[in-house]
Amino acid sequence: MNTGLLFTVSGELANSIFFKDLYAPLKSIVVEKYTEFATTDTFKDVFKEVMSDSFAESYTSMTDLIGGFEQITEGGVPKISERMEGYKKFVENFNYANSFVVTRNAIEDNKISGAINGLTLMMRNYWLSRNHEAGAFLVNAVNGTSTYKGKPMDITSADGLAVFHTAHTSKVEGVGTQSNKYAGDSTEQGNGIYFSSDLLAKAETIMQNIKDDNGEIAGISPDTIIIPNDAVLKKQVFGVLGADKVPETSVNAFNYLVGRYNVIVSQELNALAASHTFFLLDSNYNSVVDGLIYQNRENLRVRAYSEEKTENIVFAGADRHCYSAIDWREIMAFNVTGGTALN
């Protein structure tokens, strides 16, 4: 995580008698609370942080080395593998901001509790807002919704389709469409089961068989399960992963699922709780490619300045970023109505 938080004050405040002694303690509070609440970032291991140095960034995927490594004779010349340009995507950064006011009288009277409390709440609100947005991106990408709090939200991957789609395309001719949006097991669902060892075996097998743009196995290996704060799913997921025998039975045998998956539970996905939707993620693949990304143009900055008319002190926080997706292969959704049927 990038922690380049910036805390500044206006020149007028920096030189004022009543404020200059408050700069150090207030900055300390900002840094401390920013770091403390950063631990609540549920999606830090879901979205890869990518630094940006412009108002937007262009991403172009490239195919893997066509043909891979091949046997050659002793002293032979290796074939020069081709790489083809894939889809392009343009990701724009957006401004996010919030502020609060502390009266001049409170500052002059050295009553800084209002400032300390406000800055603490601002840091908490910043990370809550980040979680809200990241969760909304995944929910919207499943449901096909392209707005968030009344503003447009781009839920597409580089192929122009929603991140979760039943017919993702490849730019290379001859490679068939692929899905990362699946239904569940209707028989199990009829019995109130939305996650089982059988379902997980099917789900991870489908994901492991995903192909790259060349039509070759992409090497996906899911290691993370993401679920809403759903009591039914929590009980079934942890029951399967934590069983000391064959999951869901009393048969004495090794549970091959123990220790293979990290589980992320988030209230921000609760819009998917009714359908008991869950996700499989390959965090290693996502860290190598540009899959789910948090594009960071400007770290959070907090500035204190004096209002001209009232001389009250304004504490304003702002950053520039965007949650987006380029590739789609790193994540799959299951138990989705209208998703591809599980074989």
Side-chain angles (χ1 to χ4, degrees), residues 45-48 61-69 86-87 138 141-142 157-159 161-172 174-186 188 193-227 233 236-238 240-243 246-248 253-264 276-293 325-336 339-343:
D45 296 321
V46 177
F47 290 84
K48 168 188 173 182
S61 63
M62 298 292 291
T63 65
D64 206 342
L65 298 179
I66 297 176
F69 280 75
Y87 292 108
L138 293 177
V142 170
S157 56
D159 63 2
L161 301 174
V163 176
F164 301 103
H165 201 277
T166 58
H168 281 292
T169 60
S170 171
K171 209 172 180 183
V172 178
V175 178
T177 60
Q178 301 181 92
S179 175
N180 69 337
K181 182 179 180 179
Y182 281 85
D185 186 310
S186 58
E188 288 190 338
I193 299 172
Y194 302 94
F195 190 95
S196 66
S197 58
D198 287 343
L199 177 58
L200 180 56
K202 291 178 182 178
E204 69 175 10
T205 299
I206 289 171
M207 194 166 182
Q208 289 160 348
N209 287 337
I210 281 289
K211 296 180 179 179
D212 63 20
D213 282 330
N214 294 326
E216 302 287 343
I217 294 296
I220 306 294
S221 182
D223 57 15
T224 303
I225 297 170
I226 308 168
I227 63 174
L233 263 184
Q236 292 178 0
V237 169
F238 289 114
V240 167
L241 299 182
V246 176
E248 303 117 354
F254 174 67
N255 180 4
Y256 68 95
L257 296 171
V258 171
R260 287 185 53 204
Y261 283 95
N262 296 317
V263 179
I264 296 174
H276 309 288
T277 296
F278 69 90
F279 304 89
L280 290 187
L281 171 74
D282 183 345
S283 63
N284 292 319
Y285 181 85
N286 194 56
S287 68
V288 174
V289 304
D290 291 321
L292 296 172
I293 63 169
I326 313 303
D327 199 356
W328 54 268
R329 295 172 177 84
E330 69 283 348
I331 192 167
M332 281 192 174
F334 296 89
N335 290 340
V336 180
T340 304
L342 286 170
N343 294 326

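Excluded from the calculations below are hydrogen atoms, water molecules and symmetry mates; all remaining heavy atoms, backbone and side chain alike, are included.
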- [ ] Calculate, to the nearest 0.5 Å, the distance between atoms CG and CD1 belonging to D327 and I293 respectively.
- [x] 11.5 Å

Task: Close side-chain approach of D223 to D282, heavy-atom, < 4.5 Å - done: yes

- [ ] Of all the heavy-atom pairs spanning I226 and V46, show the shortest one and how long it is.
- [x] CD1-CG2, 3.9 Å

Open item on the list: Determine whether K171 and D213 satisfy the following criterion, salt bridge (Lys or Arg N to Asp or Glu O under 4.0 Å), listing intermediate values before the conclusion.
Closed with: CA-CA 7 Å; K171 209 172 180 183; D213 282 330; over 6 Å; no

TODO: Go through the steps for I225 and L241 under the test side chain to side chain contact (heavy atoms under 4.5 Å, CB included), then give the verdict.
DONE: CA-CA 10 Å; I225 297 170; L241 299 182; 3.9 Å; yes

Task: Reported CD1-to-CD distance for the pair I210 and Q208, which is rounded to 0.5 angstrom - done: 11.0 Å

TODO: Looking only at non-hydrogen atoms, find the nearest pair between S179 and M332 and report the distance.
DONE: O-CE, 3.4 Å

Task: Under 3.5 Å donor-acceptor, N286 side chain and L281 backbone - done: no

Open item on the list: To the closest 0.5 Å, what do you measure between OG (S157) and NE2 (H165)?
Closed with: 9.0 Å

- [ ] Looking only at non-hydrogen atoms, find the nearest pair between L199 and L342 and report the distance.
- [x] CD1-CD1, 3.2 Å

- [ ] Begin with the C-alpha distance, continue with both residues' side-chain angles, and end with the deciding distance and a verdict on side chain to side chain contact (heavy atoms under 4.5 Å, CB included) for R329 and Y285.
- [x] CA-CA 9 Å; R329 295 172 177 84; Y285 181 85; 3.8 Å; yes

Open item on the list: Taking the side chain as everything from C-beta on, heavy atoms only, tell me whether Y261 gets closer than 4.5 Å to L200.
Closed with: yes

Task: Contacts of H168 that satisfy side-chain hydrogen bond (donor to acceptor under 3.5 Å, both in side chains) - sequence neighbours left out - done: D159, N180

Open item on the list: Is it true that D45 and S283 share a donor-acceptor pair across their side chains at a distance under 3.5 Å?
Closed with: no

- [ ] Please report the closest heavy-atom contact between K181 and V336, naming both atoms and the distance.
- [x] CE-CG1, 3.4 Å

Open item on the list: Has K202 got a side-chain atom pairing as donor or acceptor with G184's backbone, closer than 3.5 angstrom?
Closed with: no

TODO: Starting at CD of E330, measure out to NZ of K48 and round the result to the nearest 0.5 Å.
DONE: 10.0 Å

Task: Heavy-atom side-chain proximity of T224 to I264 below 4.5 angstrom - done: yes

TODO: Please list, chain by chain and in numerical order, all residues satisfying ring-ring contact (aromatic ring centres under 6.0 Å, His included) with F47, sequence neighbours excluded.
DONE: F137, Y323

- [ ] Could you tell me which non-hydrogen atom of N335 sits nearest to which non-hydrogen atom of Y194, and how far apart they are?
- [x] ND2-O, 2.9 Å

TODO: Give a yes-or-no answer on whether the side chains of Y87 and T169 include a donor-acceptor pair shorter than 3.5 Å.
DONE: yes

Task: Check: P222 main-chain N/O paired with E204 side-chain donor or acceptor under 3.5 Å - done: no

- [ ] Check for a donor-acceptor pair, side chain of D212 on one end and backbone N or O of N214 on the other, with a separation under 3.5 Å.
- [x] yes

- [ ] Could you tell me which non-hydrogen atom of A141 sits nearest to which non-hydrogen atom of A162, and how far apart they are?
- [x] O-CB, 4.1 Å

Task: ring-ring contact (aromatic ring centres under 6.0 Å, His included) against F334, all qualifying residues, sequence neighbours excluded - done: Y182, F278

- [ ] Decide yes or no for D185 and D198: does some side-chain heavy atom of the first lie under 4.5 Å from some side-chain heavy atom of the second?
- [x] no

